[in-house]
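Hydrogens, waters and symmetry mates are skipped; everything else that's a heavy atom, side chains included, is used. Here the structure is a predicted model, which means the values were calculated and not measured. Counting begins at 1 with the first residue of the sequence.
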Amino acid sequence: MIPDDKNNQYANVSIEQALLKCVQTLNSSENIEAAIQELLIVIAKFHDADRAYIFEFDSDGIMMHNTYEWCREGIASQMKLLSNVQISVISRWVDYFKNQGEFYINSLDEIISKDSEEYRLLTIQNIDSLMAAPLISNNHLVGFLGVDNPRQCTNSLLLLQSVAAFIVNDIQKLETMEHKIISALGGIYISMHVITLSEDSCREITSNSLINSFLDRGQCASAQIQAAMRGMTAPSFRETMLEFTNLATLPSRMADTNTISQEFLSHDSVWCRANFILVSRDENGSAKAVIYAVQRIDEVKRRELEYQAALRAALENQNEIYTEILQLQDNGTMAIRIDDYQLMAINPAALKLFGFRDTKDFGGDIRRLIAKTVSSHKEEILNTIQNLQIGEAPYVHEWAIQQPDGSLRHVLSHVKIAMLSNGCRIWLNSLTDITDKKKLENKLLRLSEMDALTGLYNRGSGERKIEKLLAARTKGMFCLFDVNKFKSVNDTFGHAVGDKVLVALADCLKQTFGENDIVMRLGGDEYAVYASGINDEASGEECILRFLKQVECIKIREMGDRKVSVSLGAVLCTGDTGTVFDEIYQKADSAMYLCKNGKDKHFHFYRPQE
């Protein structure tokens, strides 16, 4: 599910900004409970969740209680329901908390047993997915912080993890601001200082040995920060970082924002990001205190640079790419470098088909796109694409794409090979959404196979399906039956009542036979069934008697006390080679007429000697 971010003020808020707001929230009021309530609002809106909450465990480790809660408009409060719950109900969660910390369940049905108390407790709250992080105090699990049905930022548990790290002691009214910041952000930043701009002073929260080696503790904040940046930045970034860390211009640069950032390469070739994060403003609205923090982003930055390099390579050959793309307009389009599966270009229509809004959502990794495709011939399709040659006609195939909400979008794909002037071979892929067409085709196929009155397979489709089972030598029992004195029913009560009898018999068949059995109406009052897996008369007789018992229960108001009865012939199919539908039909038909000639015998098995 992709949320509509237009009306969500937190949709584009970074984790750093959300964490800062959490810190400010907890320190803006002497009323801890009010501050925690505001904190839940920040977390819930950041994840666009239905509900944010805190559970606290009793010291005896037996019961837990929902002690804090925020719900979006229209979502019912669960605090009363969850005021006294046994911790054993979430024993799996406790294991998660102890072994891996925070976790995200994106689908209850896929992960949690439907027979469990855990599943029952979650579903009655209308929870489809959730995120949770443990509250740890003195190395003991004392509760957890969570959100229900998050719709955004579900690819990162960092906010919950960080907030949970400092909120537990706020509940216990023990921690200082510095401790909270360290707990919340220490895992993100290698260096953090609180700077008071009016005094040009700074206090170290955390720092590493590299940055410490460039600091002179006797200097003012502006001199210290400039010295650190001068020492640790690569020469090509030095001037930029000295401008960025100029505290004299900082208030004007942060007049309308709470966070500013600048990326740079360190002198030892590690990518970093420097951040100024607002802590407070003076009475005039000017920045008064800020946090200056430096974080390593080397791995992420290098992936980004590789992706940008691939895009530049595409742009250098844009005329050739655009010539091909013009032939594929109005569709989703992608250009993929064959040698290393690197995505070189993708348009918004293709992103939408794969359920993404931006290439950052999947890091430009084509393998993550392929992983979302669904087809019973997936390996065959990929092998064909890999063996395509330049100049060959486009390879056309169909497959489905898994959407974030679990649904499938059906796509018609055209793949063609092109060679760029720099010698790079690429796949050009055109994607057309055929979901509605596929739904219509499936609906028409079902209608063409079904008998309009009863909803069973019609003669043509039923016979074809049974022929396939016989060709595969599938053992089973074939039954043929019709309604005794059905003409009399039509003559006496009318064809509308006759139709009711036919529909009632179809319902009896549906209740008796399973989804793997072929149940069809041959025409008029004649029906047939192929029950797979029945290998002997005893099993077959038991199944037929269940059906006849259903028939005995048929009551048609217009017919009064008159009962509906049938005559049924059955033949066991032993999986012999060469068996065809007409053969078993004739055998069942002869058995059915032996049944009609007998007294009080509603069914008969075919035997060659009879």
Side-chain angles (χ1 to χ4, degrees), residues 1-4 8 10 36-37 39-58 61-135 141-157 159-161 163-164 167 355 372 374 400 402-409 514-515:
M1 181 182 297
I2 300 175
D4 180 2
N8 185 353
Y10 290 83
I36 290 176
Q37 200 64 35
L39 180 74
L40 293 182
I41 296 174
V42 174
I43 295 169
K45 291 189 175 181
F46 178 80
H47 286 291
D48 195 17
D50 286 347
R51 184 169 167 263
Y53 45 84
I54 293 173
F55 275 73
E56 294 182 61
F57 293 175
D58 284 348
I62 298 175
M63 307 301 290
M64 63 180 181
H65 315 278
N66 188 180
T67 52
Y68 296 91
E69 177 193 65
W70 176 86
C71 301
R72 76 159 71 228
E73 185 176 352
I75 301 299
S77 171
Q78 303 297 327
M79 286 189 70
K80 185 175 181 181
L81 172 68
L82 304 172
S83 62
N84 203 25
V85 180
Q86 290 187 357
I87 297 175
S88 60
V89 172
I90 60 162
S91 58
R92 232 164 30 85
W93 297 23
V94 173
D95 291 336
Y96 281 153
F97 289 143
K98 291 179 178 178
N99 297 327
Q100 70 183 52
E102 60 284 352
F103 65 88
Y104 172 39
I105 297 177
N106 63 1
S107 173
L108 300 190
D109 292 339
E110 294 178 7
I111 296 176
I112 302 175
S113 169
K114 294 183 179 180
D115 297 326
S116 66
E117 179 63 14
E118 176 188 356
Y119 185 88
R120 186 196 70 80
L121 188 64
L122 294 175
T123 52
I124 63 175
Q125 300 176 64
N126 296 316
I127 296 174
D128 298 316
S129 60
L130 60 89
M131 303 168 72
L135 300 179
L141 181 64
V142 296
F144 61 90
L145 166 68
V147 293
D148 291 339
N149 302 326
R151 296 172 180 81
Q152 69 180 20
C153 302
T154 56
N155 61 341
S156 174
L157 293 158
L159 181 63
L160 282 183
Q161 174 193 24
V163 173
I167 196 174
K372 298 192 71 173
V374 179
Q402 187 87 36
Q403 300 298 296
D405 62 359
S407 65
L408 295 177
R409 297 207 70 79
E515 61 181 14

**Message:** Can you tell me how far apart CG (Leu108) and CG (Leu130) are? Round to the nearest 0.5 Å.
**Reply:** 6.5 Å
**Message:** For Leu160 versus Ala133, what's the shortest heavy-atom pair and its separation?
**Reply:** O-CB, 3.7 Å
**Prompt:** With a 4.5 Å heavy-atom cut-off, do Leu135 and Ile54 have their side chains touching?
**Reply:** yes
**Prompt:** Taking only residues two or more places apart in sequence or in another chain, which ones pass side chain to side chain donor-acceptor pair (under 3.5 Å) with Tyr119?
**Reply:** Asp109
**Prompt:** Shortest non-hydrogen contact from Phe46 to Gln152?
**Reply:** O-NE2, 2.8 Å
**Asked** Going by atom types alone, do Asp148 and Tyr53 pair a side-chain donor with an acceptor below 3.5 Å?
**Response** yes
**Request:** Would you name the heavy atoms of Gln86 and Met64 that are closest together and state the gap between them?
**Result:** O-CE, 4.2 Å
**Complete:** Ser113 and Ser116 have their tightest heavy-atom pair at O-OG, 2.7 Å
**Asked** Can you list every side chain to side chain donor-acceptor pair (under 3.5 Å) pair that touches residues 120-135, not counting sequence neighbours?
**Response** Glu117-Arg120
**Request:** Examine Phe97 together with Phe103 and report whether their ring centres are nearer than 6.0 Å.
**Result:** yes
**Request:** Work out which heavy atom in Lys45 is nearest to a heavy atom in Trp70; give both atom names and the distance.
**Result:** CE-CZ2, 4.4 Å
**Heavy-atom side-chain proximity of Leu121 to Leu82 below 4.5 angstrom** = yes
**Asked** What pairs meet the salt bridge (Lys or Arg N to Asp or Glu O under 4.0 Å) rule with one or both residues in residues 83-103, with sequence neighbours excluded?
**Response** Arg92-Glu118
**Item:** Pair Leu145-Ile43, side chain to side chain contact (heavy atoms under 4.5 Å, CB included): steps then yes or no
**Value:** CA-CA 10 Å; Leu145 166 68; Ile43 295 169; 4.0 Å; yes
**Item:** Side-chain donor-acceptor pair present, Arg51, Asn66, cut-off under 3.5 Å
**Value:** yes
**Message:** To check you understand the geometry: which heavy-atom pair defines the closest contact between Asp48 and Arg151, and what is its length?
**Reply:** O-NH1, 3.1 Å
**Message:** Determine whether Phe57 and Leu141 satisfy the following criterion, side chain to side chain contact (heavy atoms under 4.5 Å, CB included), listing intermediate values before the conclusion.
**Reply:** CA-CA 8 Å; Phe57 293 175; Leu141 181 64; 3.6 Å; yes
**Request:** Could you walk me through whether Tyr68 and Glu56 pass side chain to side chain contact (heavy atoms under 4.5 Å, CB included), step by step?
**Result:** CA-CA 9 Å; Tyr68 296 91; Glu56 294 182 61; 3.7 Å; yes
**Asked** To the nearest 0.5 Å, what is the distance between OH (Tyr96) and OH (Tyr104)?
**Response** 13.5 Å
**Request:** Begin with the C-alpha distance, continue with both residues' side-chain angles, and end with the deciding distance and a verdict on side chain to side chain contact (heavy atoms under 4.5 Å, CB included) for Met131 and Leu157.
**Result:** CA-CA 8 Å; Met131 303 168 72; Leu157 293 158; 3.1 Å; yes
**Asked** At what distance, to the nearest 0.5 angstrom, does CG of Asn155 lie from CG of Asn106?
**Response** 12.0 Å
**Asked** When rounded to the nearest 0.5 angstrom, what is the spacing between CD in Gln403 and CG in Leu408?
**Response** 8.0 Å
**Message:** Any side-chain to backbone donor/acceptor pair from Gln37 onto Glu69? Under 3.5 Å, distance only.
**Reply:** yes
